[in-house]
Every structure is written in structure tokens, then in C-alpha cells.
Asker: 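Got a structure for you, written out below as C-alpha cells; questions coming shortly.
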Amino acid sequence: MRRRKKPGAKEKLLTHELHLCKEPEKYKGHWQGYFLEKKPIHVELGTGRGQFITTLAAKHPDINFIGIEIKEEILLKAVEKAVAQGLRNVTFLWYDVNKLDQVFAEGELNRIYINFCDPWPKARMAKRRLTHRNFIEKYKTFMGEQGEIHFKTDNEKLFEFSLNEFAACDLRLKNIIFDLHQSDMKDNTTTEYEDKFAAMGMKIYRCEGRKRN
Ligand SMILES: C[S@@+](CC[C@H](N)C(=O)[O-])C[C@H]1O[C@@H](n2cnc3c(N)ncnc32)[C@H](O)[C@@H]1O
């Protein structure tokens, strides 16, 4: 996501108490105690400006959501969306997805969303893709039985790679869609990137991988 360095963004972000978890390591293994009510926990990696996760949080008060984003200026926009809507079932981490094992313990998540992550197109950088098997094996440990990964991208090669990685990690593939916006899938919640790419006439690819019991 294009980054516009904004002076004061970090300070402004850190003023948010209710929608920014500043010491997420403290909640490793205790995320159910962080939220007002115990509910299944869904996480979005690289949440960007938060359109997707705040829309889902408003639609699904029965779920607690955590959005993770590394860039503070961008995360500030997501936090401000949650504040403006008065959402209490979503929080955000200013954090690097590479360090997820410092904030989540075994089995405490129910679903992970990965939307329009960097495709890292060069083969030598494949391990940086958030759908590389090294990441997927970690996500699997954070998720309980029947945990799911939901993935969307505009990049066909990344999609093919990810389908293979999901299968190699023994996830049961479901709802594989090669052109989401021309499909009959109902109730698709779009992301900022998805809206942009779809408006340019690009195909959106989507799949789910479910942990086997
Ligand atoms: C291409 S954007 C997609 C944003 C949003 N998911 C969407 O679909 O509109 C990818 C986002 O992931 C964030 N990101 C990239 N690497 C990350 C990392 N290691 N940890 C956390 N966020 C990361 C970027 O800052 C960026 O906002």
C-alpha cells in the first residue's frame, strides 16, 4: 500500500487506547480476556486502511477481530474507521506479521484473512509470501480445530502458488473462485485494493483452506 509519510501519525496512532493494543505480547494466550466478551477471534494480516475488517466487525458482532498492519500512517486510518463507527469487537496491532508467534499462542484463533498481500514475484523471495508453507504451518498452530485461512489476490501466479502451498500443508481447499466479481458468491466484503483492482477490470481470485481435524 502506498505510504504517505505523515508527520505526527505515530503520535496520533498512540493516543488510541480502545482500538490499538500497544503491548500485544502480553495477550499471547489470553486474547479472549482482551475483548469485552468472549467470542471467536478472526485476524486480518496486512489490514491496510481497514475497510475490510471494520465492515466485517460491523456485520458480525458475534466475532472479535484483530487487524495487523506494519505501517503506522496506514494503520491510523483503520483505527479511525473503527473509532468513527464505535466498534468494540475490533482492535489493531501495529506489528510485523513475521513476528506473529510473539503474540499468538496455540489454538487461540479461529480464522485468518490474507487479502492482497505482496506477491514477491521473484522466485528467490518466495519465502516472504504470506502464503508460503512456512507461514501457513505457523498459522495452523495458532488456529484451533477447523480453523480457516481466507485468501484473496489479484495476482494469478500468487494464487496458483498459494493453492499449492495450502494443499502441501494439508489444508482442505474450499470455495476456490477464479473471478470473484463475476461469480455468484454472495456477501463478499471488499477491501480497498480489491475495489481498486476490480474497477480496473482485473480478476479477483479467492479461496479458503480449512484445517483438517
Ligand atoms: C497491498 S496492501 C493490502 C491492504 C489490504 N489488505 C487491502 O486488501 O486493501 C498490503 C498491506 O500489508 C501491509 N504489510 C506488508 N508487510 C507486512 C508485515 N510484515 N506485517 C504487517 N503488515 C504488513 C502493508 O503495509 C500494506 O498495508
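Atoms within each ligand, like the ligands themselves, are counted from 1 in listed order. Both backbone and side-chain heavy atoms feed into the values below; hydrogens, waters and symmetry mates do not.
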Asker: Heavy atom under 4.0 Å from ligand 1: found in Glu44's side chain, backbone, both, or neither?
Answerer: side chain
Asker: Check whether any N or O atom of Cys117, backbone or side chain, sits under 3.5 Å from an N or O atom of ligand 1, and answer yes or no.
Answerer: no
Asker: Work out whether the distance between some heavy atom of Phe52 and some atom of ligand 1 is less than 4.0 Å.
Answerer: no
Asker: Please name the pair of heavy atoms, one in Phe104 and one in Lys28, separated by the smallest distance, quoted to 0.1 Å.
Answerer: O-CE, 3.6 Å
Asker: Of all residues at least two apart in sequence or in a different chain, which pass the side-chain hydrogen bond (donor to acceptor under 3.5 Å, both in side chains) check with Arg212?
Answerer: Asp170
Asker: Check the orientation of Phe52 and Tyr113. Use parallel for under 30°, tilted for 30 to 60°, and perpendicular for over 60°.
Answerer: perpendicular
Asker: For Asp96, counting its heavy atoms only, list the atoms of ligand 1 lying under 4.0 Å from any of them.
Answerer: 18 (C), 19 (N), 20 (N)
Asker: Would you call the rings of Tyr34 and Tyr27 parallel, tilted or perpendicular if under 30° counts as parallel and over 60° as perpendicular?
Answerer: perpendicular
Asker: Do the ring planes of Phe65 and His60 sit parallel (below 30°), tilted (30 to 60°) or perpendicular (above 60°)?
Answerer: tilted
Asker: Which heavy-atom pair separates Leu130 from Tyr139 by the least distance, and what is that distance?
Answerer: O-OH, 2.7 Å
Asker: What do the steps show when you test Glu137 against Lys140 for salt bridge (Lys or Arg N to Asp or Glu O under 4.0 Å), and what is the final call?
Answerer: CA-CA 5 Å; Glu137 288 300 345; Lys140 277 172 68 182; 3.6 Å; yes
Asker: Which ligand 1 atoms are under 4.0 Å away from a heavy-atom of Tyr95?
Answerer: 20 (N), 21 (C)
Asker: Under 4.0 Å from any heavy atom of Lys71, which atoms of ligand 1 are there?
Answerer: 25 (O)
Asker: N/O of Glu194 under 3.5 Å from N/O of ligand 1, yes or no?
Answerer: no
Asker: Using a strict cut-off of 4.0 Å, indicate which atoms of ligand 1 neighbour a heavy atom of Asn98.
Answerer: 19 (N)
Asker: Using a strict cut-off of 4.0 Å, indicate which atoms of ligand 1 neighbour a heavy atom of Glu192.
Answerer: 9 (O)
Asker: Could you list the residues that satisfy side-chain hydrogen bond (donor to acceptor under 3.5 Å, both in side chains) with Glu37, not counting sequence neighbours?
Answerer: none
Asker: Which ligand 1 atoms, with their elements, are less than 4.0 angstrom from a heavy-atom of Phe116?
Answerer: 1 (C), 2 (S), 3 (C), 8 (O), 10 (C)
Asker: Given Gly46, Pro119, Gly48, identify the one with the heavy atom nearest to atom 6 (N) of ligand 1.
Answerer: Gly46
Asker: Can Glu148 and Lys174 be counted as an ion pair, charged N to O under 4.0 angstrom?
Answerer: yes
Asker: Mind checking whether Asp118 has a heavy atom under 4.0 Å from ligand 1?
Answerer: no
Asker: Which of the atoms of ligand 1 are close to Thr191, meaning less than 4.0 Å from one of its heavy atoms?
Answerer: 7 (C), 8 (O), 9 (O)
